[in-house]
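Heads up: the structure comes next, in structure tokens.
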Amino acid sequence: MSGIKPNNVIRIPTGRNIEKLLRFWLEFLHPFHRLTNREMDVATAFLKKRYELYKDIPTNAELRDKILMNEETQKEIREKCGLKVQHLQVIKNKLKKNKFFIDNKINPRLIPNIKETEDSFQLLLLFELDSQYDAVQ
């Protein structure tokens, strides 16, 4: 994929707001995960926390996942989203059912590969079209 130059660029104004970018990411993937808005709010909070942990612990994925799912982090996300303990548990169960969480970790397919620059975040989406679909049928 290196050396790929996009021929169409669409800019989504998120500034330096990683939470906004992650929410756009989940909205873009909605056909694949079918989460409700409230579930996407919680999923966004988990992705944001995972992103913050990655900046602090870039090399130890197991430790990041352990911290992400610990009681203290759960409380932080619950408070941020304005949820009671039971409501967060219900939403987490729905996230598991919809494969946002797999084996008590965020599904790697739903974690965006974000490049951070000094003044923005960049996320490249590549649509590879199989040549068999090029011809109009």
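Numbers for residues simply follow the sequence, beginning at 1.
In plain terms, the two heavy atoms of Leu47 and Leu22 that are nearest each other are C-CD1, 3.7 Å.
Among residues at least two apart or in separate chains, there is no ring pair (Phe, Tyr, Trp, His ring centres under 6.0 Å) pair with a member in residues 70-89. Listed by first then second residue, pairs satisfying side-chain hydrogen bond (donor to acceptor under 3.5 Å, both in side chains) with a partner in residues 70-81 read Glu19-Lys80, Lys49-Glu76, Asn70-Thr73, Gln74-Lys92, not counting sequence neighbours.
One distance of note links CZ of Phe24 with CG of Leu29; it measures 13.5 Å at 0.5 Å rounding. Between atom CZ of residue Phe46 and atom CD1 of residue Ile111 there is a gap of 12.5 Å, rounded to the nearest 0.5 Å. If you take CZ on Arg64 and CD on Glu62, they are separated by 11.0 Å, rounding to the nearest 0.5 Å. To the nearest 0.5 Å, atom CG of residue Leu83 and atom CD1 of residue Ile77 are 10.0 Å apart.
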Listing, residues 94-107 side-chain donor-acceptor contacts under 3.5 Å, not counting sequence neighbours, or none:
unit_1: Asn98; atom_1: ND2; unit_2: Lys94; atom_2: O; d: 3.1
unit_1: Asn107; atom_1: OD1; unit_2: Arg109; atom_2: N; d: 3.0
unit_1: Asn107; atom_1: ND2; unit_2: Lys99; atom_2: O; d: 3.0

Let me have the donor-acceptor pairs involving side chains of residues 51-58, under 3.5 Å, with sequence neighbours excluded, atom names and distances please.
unit_1: Tyr51; atom_1: OH; unit_2: Glu116; atom_2: OE1; d: 2.4
unit_1: Lys55; atom_1: NZ; unit_2: Glu116; atom_2: OE1; d: 3.4

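Transitive grouping of hydrophobic side chains (ILVMFWY, heavy atoms separated by less than 4.5 Å) keeps Val90 and Leu35 in distinct clusters.
Listed by chain and residue number, Glu27, Asp41 satisfy the salt bridge (charged side-chain N to carboxylate O under 4.0 Å, His left out) test with Arg23 (two or more places apart in sequence, or in another chain). Partners of Asn93 under the side chain to side chain donor-acceptor pair (under 3.5 Å) rule, at least two apart in sequence or in another chain, do not exist in this structure.
Proximity of Asn17 to Leu21: side-chain heavy atoms (C-beta onward) are nowhere separated by under 4.5 Å. The shortest distance between side-chain heavy atoms of Trp25 and Lys20 does not fall below 4.5 Å.
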Going through the distances and angles, do His33 and Glu39 end up as a side chain to side chain contact (heavy atoms under 4.5 Å, CB included)? CA-CA 10 Å; His33 58 62; Glu39 292 163 357; over 6 Å; no

